[in-house]
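Single-structure report; data block below.
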Amino acid sequence: MGSSDIYEPQIIENKWLKIWQEEKIYSLKSDNYSSKYYVLEMFPYPSGEPHMGHARNYTIGDVLARVIARRGYDVLHPIGYDAFGLPAENAAIKSGIHPKESTMANIDKMRKALKRMAMTYDFEDEIITSDPSYYKWTQWLFLQLYRMGLAEKKEAGVNWCDSCQTVLANEQVISGRCERCDSIVRKRVLSQWFFRITDYAQRLLDDMELIKDGWPERVLTIQRNWIGRSEGARVDFRFDDGSDNTIIPVFTTRPDTLYGVTFFILAAEHPLVDSIVTGEKEKKEVARIKALITAQTDIERGSAEIEKIGCFTGRYVINPVNDQRIPVWIANYVLLEYGTGAVMAVPAHDTRDFDFASKYGIEIREVISPDGKTHGTLSEAFTGEGIMVNSGPFTGKKSDDGKKEIIKFLEEKKIGNFEINYKLKDWLISRQRYWGAPIPVVFCEKCGTVAVPESQLPVLLPYDVDFKPTGFSPLLYKEEFVNTRCPSCGGAAKRETDTMDTFVCSSWYFLRYCSPHLESSAFDREKADKWMPVDQYIGGIEHATMHLIYSRFFMKALYDAGLVSNKEPFTKYYPHGVVTLGGQKMSKSKGNIVNPSEIYNKYGADTLRLYILFIGPADSIVDWSNKGVEGSHRFLKRVWKLVTDNIDFIKNHAPSGLSHIDSGSMLKNMYSQGKLGLQEKEVYKKLHQTIKKVSGDILDRFNFNTAISSIMELVNMMSKYNEDIKAERRQAVLVYESTVKLLVLLSPVAPFITEELWHKMGANGSIHRVPWPEYDAEIAREEMTTVIFQVNGKLRDKIELESGTSADELEKVALASEKIKKYIEGFQIVKIITVPDKLVNIVIKQ
RNA sequence: GCGAGAGUGGCGGAACUGGCAGACGCGCUAGACUUAGGAUCUAGUGGGCUAAUCACCUGUAGGGGUUCAAAUCCCCUCUCUCGCACCA
């Protein structure tokens, strides 16, 4: 046995990497096809070499892209790097290595690893968001939004992370903590840049209709919750003494409970609080409670468990529907950020108000009754719909109707109106950090805020800066950067020193991929129209309310600007599951990491790719197992042995000039002429069943794990055939055909070993150019079927019968079965259920 | 607390519209080859009963139901995962 008969993954993989690169087989694009398919995996943040989650994500996308391309589609399958971001800058503070250097070094590592794993990307088309040729267009897009009035600088209470020394978008705060470093986030009032994503809240909801068939429902639910639409009314309250005309609007989803308002609450931070409190005693108490409340973190205030506290302010407002005097309180459970920061409290019909009223002895007045009767003292809030009681002219109405009528009443009297409220906040995009795209704006004393003209883009990020975190952008201390001329009047002006949230960069990269090298604009409209939307997007679900919602917003804004033709960026989205080790999330700090490189260096990339798909369903959490890797490697060794054995056999036994193109039709002829033996027919049928199963599993169901098991079954059956039948009696055409098709089916998952064996078979050209096989339904159909016989639903016998045997015949055979007879003798047969090709169930009376 | 999804051998997981539960892989057991085996091959492998690979019983978190037939459909309970959670 020569050395060429041993499976040596390192040697063959390195060999093919080189050849493929020379022959550029990875360019899946061609403009000659009519049907396009855009496969995209979320691009990586270049943190070093890729981790197992990356390997999983990219392998899934790669296999899909390969199969689709070989079904004749024109496939766009690009890669790039989300290269701006905090980790590189934090590393720079620690180590002194410039973010640009570390980022580029990491990208090199990443690219090398992706290539080594045989990902079908055209690396010449990759994009790097931190490159001026890219962020020039990020800045340009910022300006488009600015012109549309969708970008604005405004004073607002924002989330501040002390550890990251920057503000965070709402989406980056996960239950009161920083998404990146887990520190507790605190509120600060700062002037910051925002994108008005709230203007698109309704469309982000409505357009879910366009993508609902391709997105998992749970992801849309997460977005729906995040947007948080609620319908109700705005109701204006005024102070009772006419001392001023200040209107305090509130938002309520239950205008039908307006008659049950017994107190009124302002958020402790509400700007009116300080000015309205007049009495000395109240001033003291309000100051004390306010201090207590503001000391509570957002996490505490956001939790329903924390005790409700508050106090009376000494002032009253008038309930506009019945002119009653309502005491004004402050309380910790009313949040400034939501609605108007003021609430009409209806303790009888709101659990929070009920708790508060009970604690402080405030009146609880029932106005909605489940049965239309009044109930005196309530033991808990009734929050359901019912019949209005104690509600003046509205008494007796159903709450649903009452809502509409009260809104109508408010609108007529101009003291309120129908309103929709959203939890979604505007997207805060400025960051007080260095390693990001500069916001292309200057401030001029004469002209105010001035957009940098397109011709002056990009606003280059200076290289030499001091990274010390001071709470302000490092750019602020870079005078050459800050001091500039006003583009409008030419006078002295100062540049904006904040940079953009990296999520801005990633909100449009899928468009840049359509024309990655274009210098004259962000993207070529025609190309974007050809490729967009992304047909299949693949990536982690943790971006449900960040990247995925921002990208949807961007696409809509660009659509409104007339820059793109689609409203949604991603037709289908598939969230893959994470890879754990010992049930724990892999993390550097815990030291429980298996890197893809360890695996491909030891077993080869084919083993890695195979195992990461075989490990479990692609959308579920899977636990890494080194034993499992070995199993996958063993399988490839078995394939190697089977195919090399068959190559030897074919050399000695096959008719000369046999090619895989005619082996198929030759075999079909032999099959129809009855020239195949029993076991040969079985192998032949299994082959076509496998083609069917693998195609469906990959393309329709994303079931890579079962696609691989079915290939394993085929290999097992082919090996068994070789074992059972002596070489001289084997059917050469069958051996040839099944070996060829086996390699083709396996090639997207294990591109190296299949290419090597393909060439060992004497083929010309790459296996990765061979069209995806079609199955023949006639051959895939089983001739014989196992029919089970049951008595009272219990399995008692089974028999092989020709497929399609009639129900009558089945019944006859079943009743003739010795085993069945044993069970039914002496009993009365009640009925017999027959399902052709499946079973006969004889029901007897016992 | 509310909502959604899930629970199948020792393990990862199959079972498409109700119709042979446990495909495929790991692990384990026995055997073959071998100086050796953590290589490779063969056979076996849900549990119980059994001399047996015959036969039988039992079995998909637990309990009930629908059905000729339930891992699959319905109800209740338990457990886990995810989402939401003073959102007025």
Side-chain angles (χ1 to χ4, degrees), chain A residues 175 216-219 221-226 228-230 232-233 235 250-254 257 265 267 300-308 331-335 337-346 349-353 355-356 383 421-424 541 544-545 577 610-611 614-617 620-632 634-635 637-638 641 693 696-697 700-701 703 705-716 719 723 785-798 819 822 830-844:
Chain A
S175 42
E217 183 54 38
R218 66 192 164 119
V219 181
T221 303
I222 293 170
Q223 292 202 352
R224 233 177 257 124
N225 285 335
W226 185 256
R229 180 187 204 269
S230 48
V235 188
V250 299
F251 173 73
T252 176
T253 54
R254 294 297 300 271
T257 63
I265 318 167
E300 290 172 318
R301 286 188 70 181
S303 111
E305 271 96 70
I306 195 166
E307 199 194 348
K308 293 175 175 49
N332 58 342
Y333 71 95
V334 171
L335 309 168
E337 304 90 65
Y338 185 76
T340 61
V343 163
M344 56 175 240
V346 186
H349 306 293
D350 181 288
T351 47
R352 299 152 297 169
D353 297 342
D355 291 349
F356 193 83
T383 57
N421 221 301
Y422 299 93
K423 281 200 283 180
L424 184 73
I541 197 170
T545 58
L610 179 73
Y611 178 61
F614 185 62
I615 187 169
S620 66
I621 297 175
V622 290
D623 202 51
W624 186 265
S625 150
N626 284 325
K627 284 285 183 197
V629 180
E630 282 173 31
S632 293
R634 250 195 310 267
F635 168 69
K637 282 202 266 188
R638 282 207 305 277
K641 181 173 186 310
K693 172 93 174 126
D697 274 352
D700 305 334
R701 294 181 287 274
N703 287 345
N705 55 332
T706 52
I708 290 165
S709 359
S710 68
I711 296 177
M712 288 172 169
E713 285 178 51
L714 175 64
V715 168
N716 291 347
S719 305
E723 202 183 300
T785 320
T786 310
V787 176
I788 58 166
F789 296 156
Q790 299 175 321
V791 176
N792 281 357
K794 291 205 171 171
L795 175 72
R796 294 305 179 190
D797 197 8
K798 43 178 140 180
K819 287 183 185 165
K822 220 169 66 187
V830 180
K831 64 171 156 178
I832 301 178
I833 286 116
T834 315
V835 183
D837 291 345
K838 288 257 165 75
L839 62 3
V840 177
N841 187 12
I842 300 160
V843 186
I844 57 168

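Below, chains carry the letters A, B, ... as their sequence lines are ordered, and counting in each starts from 1.
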Q. Syn or anti for B:G9, taking syn as within 90° of 0?
A. syn

Q: Only counting residues at least two apart or in another chain, list the ones meeting side-chain hydrogen bond (donor to acceptor under 3.5 Å, both in side chains) with A:T383.
A: none

Q) Is the number of heavy atoms from other residues, nucleotides or ligands within 6.0 Å of NZ (A:K308) greater than 12? A) yes

Q: Could you list the residues that satisfy side-chain hydrogen bond (donor to acceptor under 3.5 Å, both in side chains) with A:Y611, not counting sequence neighbours?
A: none

Q: Please name all residues satisfying salt bridge (Lys or Arg N to Asp or Glu O under 4.0 Å) with A:R701, sequence neighbours left out, ordered by chain then number.
A: A:D697

Q.
Regarding A:V343, tell me which of base, sugar-phosphate or nothing describes its non-hydrogen contacts under 4.0 Å with the strands shown.
A. base

Q) Looking at residues at least two apart in the chain, or sitting in another chain, which of them share a salt bridge (Lys or Arg N to Asp or Glu O under 4.0 Å) with A:E713? A) A:K686

Q: Examine B:U40: is either OP1 or OP2 under 4.0 Å from a nitrogen or oxygen in the side chain of A:K637? Give yes or no.
A: yes

Tabulate protein N/O versus nucleotide N/O from nucleotides 82-84 of chain B, keeping only pairs under 3.5 Å, one per line.
from, atom 1, to, atom 2, distance (Å)
B:G83, O2', A:N225, ND2, 3.2

Q | Separation of the P atoms in B:U72 and B:A15, to the nearest angstrom | A | 15 Å

(Q) Protein within reach of the bases, or only the backbone? For nucleotides 19-29 of chain B, mark each nucleotide 5' to 3' as B, S or -, using heavy atoms under 4.0 Å. (A) BB--BBSSS--

Q: Considering only atom C1', compute the distance from B:C73 to B:U66 and round it to an integer number of Å.
A: 8 Å

Q.
Measure CG/A:D797 against C1'/B:A55 and give the value in whole Å, please.
A. 13 Å

**Q.** RNA chain B base-pair string [pairs: Watson-Crick or G-U under 3.5 Å; |: paired with another strand]
**A.** (((((((..(((......[....)))((((((.......))))))(((.......)))..(((((..]....))))))))))))....

Q: Take atom C1' in B:C78 and the same atom in B:G64, then report the distance between them in whole Å.
A: 15 Å

Q. Can you tell me how far P in B:A14 sits from the matching atom in B:G25, rounded to whole Å?
A. 15 Å

Q.
In this structure, how many angstroms lie between the P atom of B:G59 and the NZ atom of A:K794, rounded?
A. 8 Å

Q: Can you tell me the distance, in whole Å, between the CG atom of A:D623 and the P atom of B:C11?
A: 13 Å

Q) Taking atom P of B:A14 as reference, at what distance in whole Å does atom CD1 of A:I711 sit? A) 16 Å

Q: Check every strand shown and say whether A:V250 touches a base, only sugar-phosphate, or nothing at a heavy-atom separation below 4.0 Å.
A: nothing

Q: With rounding to the nearest 0.5 Å, note down the distance linking OG1 in A:T786 to CG in A:L839.
A: 12.0 Å

Q: Nearest 0.5 Å please: distance from the CG atom of A:D355 over to the CD atom of A:E307.
A: 10.0 Å

Q. So, A:K637 and A:E630, do they make that salt bridge, N to O below 4.0 Å?
A. no

Q: Figure out the CD1/P separation between A:I832 and B:A69, and round it to whole Å.
A: 15 Å

Q. Please give, in whole Å, the distance from B:C56 C1' to A:R796 CZ?
A. 8 Å

Q) What interatomic distance, in whole Å, is found between P of B:A21 and the corresponding atom of B:C57? A) 12 Å

**Q.** B:A32 to B:U81 separation - P atoms, rounded to the nearest Å
**A.** 48 Å

Q.
Closest-nucleotide mapping onto RNA chain B: is A:I615 or A:K641 further toward the 5' terminus? I mean the 5' end.
A. A:I615

Q) With sequence neighbours excluded, what pairs up with A:N792 under the side-chain hydrogen bond (donor to acceptor under 3.5 Å, both in side chains) test? A) A:Q846

Q | Residues forming a side-chain hydrogen bond (donor to acceptor under 3.5 Å, both in side chains) with A:K423, sequence neighbours excluded | A | none

Q) Expressed in whole Å, how much space separates the C1' atoms belonging to B:G46 and B:U60? A) 10 Å

**Q.** Partners meeting side-chain contact (heavy atoms from CB on, under 4.5 Å) with A:P836 (sequence neighbours left out)
**A.** none

Q. So, is A:S230 near the phosphate of B:A88, with a side-chain N or O under 4.0 Å from OP1 or OP2?
A. yes

Q.
For A:I621, give me all partners under side-chain contact (heavy atoms from CB on, under 4.5 Å), at least two apart in sequence or on another chain.
A. A:V578, A:T580

**Q.** Listed partners of A:Y333 passing ring pair (Phe, Tyr, Trp, His ring centres under 6.0 Å), at least two apart
**A.** A:F356

Q) Given the P atoms of B:C74 and B:C11, what is the spacing between them in whole Å? A) 27 Å

**Q.** Rounded distance (Å) that lies between atom C1' of B:A15 and atom CZ of A:R701
**A.** 13 Å

